[in-house]
Number of protein chains: 2
Amino acid sequence: MSKKQRSMTIGTLAKAAGMGVETIRYYQRRGLVAEPEKPYGSIRHYDDQALGRLHFIRTAQWLGFSLDEIAELLTLQDGTHCNEARVLGEQKLTSVRQKIRSLQGIEKALDGLVQACSAQRMNVECPLIASLQHGVVQYSETETSGRSNRG
Amino acid sequence: MSKKQRSMTIGTLAKAAGMGVETIRYYQRRGLVAEPEKPYGSIRHYDDQALGRLHFIRTAQWLGFSLDEIAELLTLQDGTHCNEARVLGEQKLTSVRQKIRSLQGIEKALDGLVQACSAQRMNVECPLIASLQHGVVQYSETETSGRSNRG
DNA sequence: GTTGATTCCGTAGCTGACTACGGGAGTAAC
DNA sequence: GTTACTCCCGTAGTCAGCTACGGAATCAAC
């Protein structure tokens, strides 16, 4: 059960984790990964636990968690806060499903417009442009792309 | 067929379009909407065409177009470039469908984890946290959320 | 004719997640 | 023992799409 305990420099660690050195240093500044002690006048060394932490972050990011949320997840890391973790997961799941619904609305609208464009032959007006101009597209106010997608 | 040609100040226009004055001025700087002539020592006035332009931008944004892409769409505005517009629409449609697929993968993974958390009763380890730690979640490398979603 | 809101305009700040730069120190290869 | 890479560290820049600030001019109401 004991993984080999490599001792890596930050560059090696970055390569192993598939990310840049600067990214790791950025996570350190954000407090997401620890900065190991620096031997007197030497260079820091990282072990597989550090690598595991980076995988944790990557996977959580993929699941849609922000770095702030990941920091929160990491405080629950001892595994004894399953309820809290589950709540965070459920919230994320809700927002993911919301995004999917929004995107499906967009897909439908866009598909209709593209198909109308393909069908159009001799008409002067382009259906896609026309619908943007005249507001034919009806969208539900559940934003996904475009403005204020940083909330 | 003639819409009433209101003459609006930028504030009124902003209200009508449901956006802030600063946003409109930002679009002007980006060249997305024109800045009307300013009467000698007076204030600029906007008509319904300007409002239409803002609706165009909003709707295109909702469809997933960036402001740069919208600028491109606006050059096709005369309606005679249906092919070009359709190609842009198809590209966007492809990326929207890609995003949906990614999100569905995420939804599935997250749903599994949340359900495992709900089912878990006396076990010490939280399934969500554990899977982040040990990399149980397998994700396809079609990124949607998280890192480098600014490409 | 004064108060108070709005416009004008340039410039600067915000968010999130990086990414780059620069200069000095440490380390590895030959 | 020199060359060339890598590390360290702080600070600053990037991207997209806004949002805010500040000071002067203009306009609307009373």
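Below, chain A is the first sequence line, B the second, and so on; all start at residue 1.
Of the residues in residues 66-76 of chain B, those with a non-hydrogen atom less than 4.0 angstrom from any atom of DNA chain D are S66(B), L67(B).
Whole-Å rounding puts the L32(A) CG to dA17(C) P distance at 10 Å. Whole-Å rounding puts the Y26(A) OH to dG16(C) C1' distance at 6 Å. The CZ atom of F65(A) sits 17 Å away from the C1' atom of dG16(C) (whole-angstrom rounding). What separates OH of Y27(B) from C1' of dC18(D) is a distance of 8 Å, to the nearest Å.
Contacts classified as salt bridge (charged side-chain N to carboxylate O under 4.0 Å, His left out) and involving residues 63-81 of chain B (residues at least two apart or in different chains) are given here: R30(B)-D68(B), E69(B)-K92(B). Applying the side-chain hydrogen bond (donor to acceptor under 3.5 Å, both in side chains) test to pairs two or more places apart or on separate chains, those with a residue in residues 12-22 of chain B are T9(B)-T12(B).
For the pair T23(A) (side chain) and M19(A) (backbone), a donor-acceptor distance under 3.5 Å is absent. For the pair S131(A) (side chain) and L128(A) (backbone), a donor-acceptor distance under 3.5 Å is present.
When heavy atoms are screened at a 4.0 angstrom cut-off, G41(B) is found touching the sugar-phosphate backbone but no base atom.
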Under-3.5 Å N/O pairs linking protein and nucleotides 28-30 of chain D:
none

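For H45(B), the side chain to side chain donor-acceptor pair (under 3.5 Å) partners at least two apart in sequence or on another chain are S7(B). Every side-chain contact (heavy atoms from CB on, under 4.5 Å) that E84(B) has, sequence neighbours left out, goes to L76(B), H81(B). The side chain to side chain donor-acceptor pair (under 3.5 Å) test applied to E90(A) returns R86(A), not counting sequence neighbours. By the side chain to side chain donor-acceptor pair (under 3.5 Å) test, Q28(B) pairs with Y46(B), sequence neighbours left out. For Q133(A), the side-chain contact (heavy atoms from CB on, under 4.5 Å) partners at least two apart in sequence or on another chain are E125(A), I129(A), F56(B), Q77(B). In this structure R44(A) satisfies the salt bridge (Lys or Arg N to Asp or Glu O under 4.0 Å) test together with E35(A), sequence neighbours excluded.
Here Q28(A) does not reach the OP1 or OP2 of dG10(D): none of its side-chain N or O atoms lies under 4.0 Å away.
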Where protein sits on nucleotides 3-12 of chain C, one letter per nucleotide: B base, S sugar-phosphate only, - none, heavy atoms under 4.0 Å: ----SSBBB-

What pairs of donor and acceptor atoms, side-chain ones from residues 105-118 of chain A against any protein atom, are under 3.5 angstrom apart with sequence neighbours left out?
residue	atom	partner	partner atom	Å
E107(A)	OE2	R97(B)	NE	2.7
D111(A)	OD1	R97(B)	NH2	3.4
D111(A)	OD2	Q115(A)	NE2	3.4
S118(A)	OG	V114(A)	O	3.1

